[in-house]
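To start, the structure under review is shown below, and the notes come after it.
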Amino acid sequence: MTFAAKQCRIVRGGRVVLPSGTTATDVVIEGERIAAIEAYGSARAEYVIDAGERLVLPGLVDSHVHTRDPGQTDKEDFRSASCAAARGGITTMMAMPNTVPLIDSAAAFDLAARAGEKSIVDFALQALAHPSSIENIEALAARGAVSFELFLGGGPQTLITRDRAVQSALFAAVAGVGGIMGVYPDDSELVALLDCGGDAQAIAHAHPAEIEAGALLGAVVLAASKGCCVHVRQVSAALTAMVIAKLRRHGARLTAEVTPHHLLLTMDDFERFGPEGLIMPPLRGASDVEALWKALAAGDIATIGSDHAPHHRDEKNAGRCDLRKAPPGFPGLETFLPAVLTQWRRRGLTDQAFVRAVSQTPANLFGVSDRKGTIAVGRHADLVIVDDAVDEAIDCNKFLSKAKYSPFHGRRVTARVDLTMVRGEVVYADGAVDTHAQRGRLLRRNRN
Ligand code: DOR
């Protein structure tokens, strides 16, 4: 298939993943949107993309992407991140606010939105919840921030809000604009007290699951008192999953996210890959992985986000002898779909549950479900064709991200993205990005 098929008005598939089931159907596109879903083989158009027996999914909505743009474009920028996203079947990137400058004001939001004009997939911006942004919550919401992000640890001090009274005021302000608060549950003070060395075991020791679970409890109490919805970021441990399940049973307005690496990798991978496998929270044990899959199946964890967090290889290499000298994080946009869908199949889970976790629910939670997340009439024609009968190894040398390393390198997968379409335009096909692709569009949170 080539980019000549860009004018395609029909995607014909034997296995199109609709909310009601996976079915043979013609998806008819007019302009940027899906105009009709018709009987297989019945629609007529000059260009038809025939997906055959490959899977046709709604484009992934990745609500956890560190684009590094503006400010650290040597590590990544909207162009390279979005090319990686397109290669990974991600048609909406939601950018995290730890850019330079931080997204904590309307001016910083506008700067990041301008940086996003380089994107070839659609994007949204998440704003920082912090003392520096407390007066700006209404302005940021008015500009379309899809979430606010409260860091309780896990990053530089400039990101973290420790003061409980300020946290409480931030929850009140976010509730006031009908927003959602992403919370990174951590406690940098406790982590510092537990510091005992720079090997993988010592890093694990300094970041026990109890810190994640404990930090979450405090935040949920404050959020509940202000009527604020919380989305827990990157849940990594069985203990946290259990606490989330209990809180949800008690009526907390709480949803949770897990990352592909916490679902698929363990401490063994961390030890094997060293600094290239270092991320926060750290990779954990096999029993944690099992608990996260159970929580996902039970709906206590609702979304999967890549936590794409690229750094220079040189910076990573600085942690060879002492992991504390390397920045945590690795790229994830290009491994997300192939690696997770492979395991999804092995566990016998449904296509519909996959789409809910990677597209539909994030689109709902972050206020873009009127446009994104589902193959349905009226939604953007964001479609991905996936061959889920391949057998190949992930190769980080092929990454379109600027960061060409990954603890998924060499892992065998049975799924590969063959084509990605954003609002009716093919931006990636058969291993190549269309460099003439239209610019991605800023998506604003629908506040209704
Ligand atoms: O390991 C991480 N790195 N975890 C995060 O949450 C942030 C990220 C980064 O920005 O590098």
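The basis for the numbers below is simple: all heavy atoms, side chains too, and nothing from hydrogens, waters or symmetry mates. Please read all numbers here as calculations on a predicted model, not as lab measurements. We count ligands from 1, going down the list as the structure has it; atoms in each ligand are counted the same way.
- Under the 4.0 Å criterion applied to side-chain N and carboxylate O atoms, Glu32 and Arg441 are assigned as salt-bridge partners.
- Contacts of ligand 1 (protein heavy-atom distance under 4.0 Å) are His66, Arg68, Asn98, Tyr184, Gln234, Ile279, Met280, Asp307, Ala309, His311, Pro328, Gly329.
- Close placement of the His66 and His64 rings is indicated, their centers lying within 6.0 Å of each other.
- Legend: ring pair (Phe, Tyr, Trp, His ring centres under 6.0 Å) pairs involving residues 313-365, not counting sequence neighbours, sorted by first then second residue: His261-Phe330, Trp293-Trp344, Trp344-Phe354.
- Counting heavy-atom neighbours within 6.0 Å of Glu271 CD, excluding the residue itself, gives a total above 12.
- Residues Arg416 and Glu334 are not paired through a salt bridge, judged by the lack of any N-O separation under 4.0 Å between the basic side chain and the carboxylate.
- Taking the charged nitrogens against the carboxylate oxygens, Arg371 and Asp382 have no contact shorter than 4.0 Å, which rules out a salt bridge.
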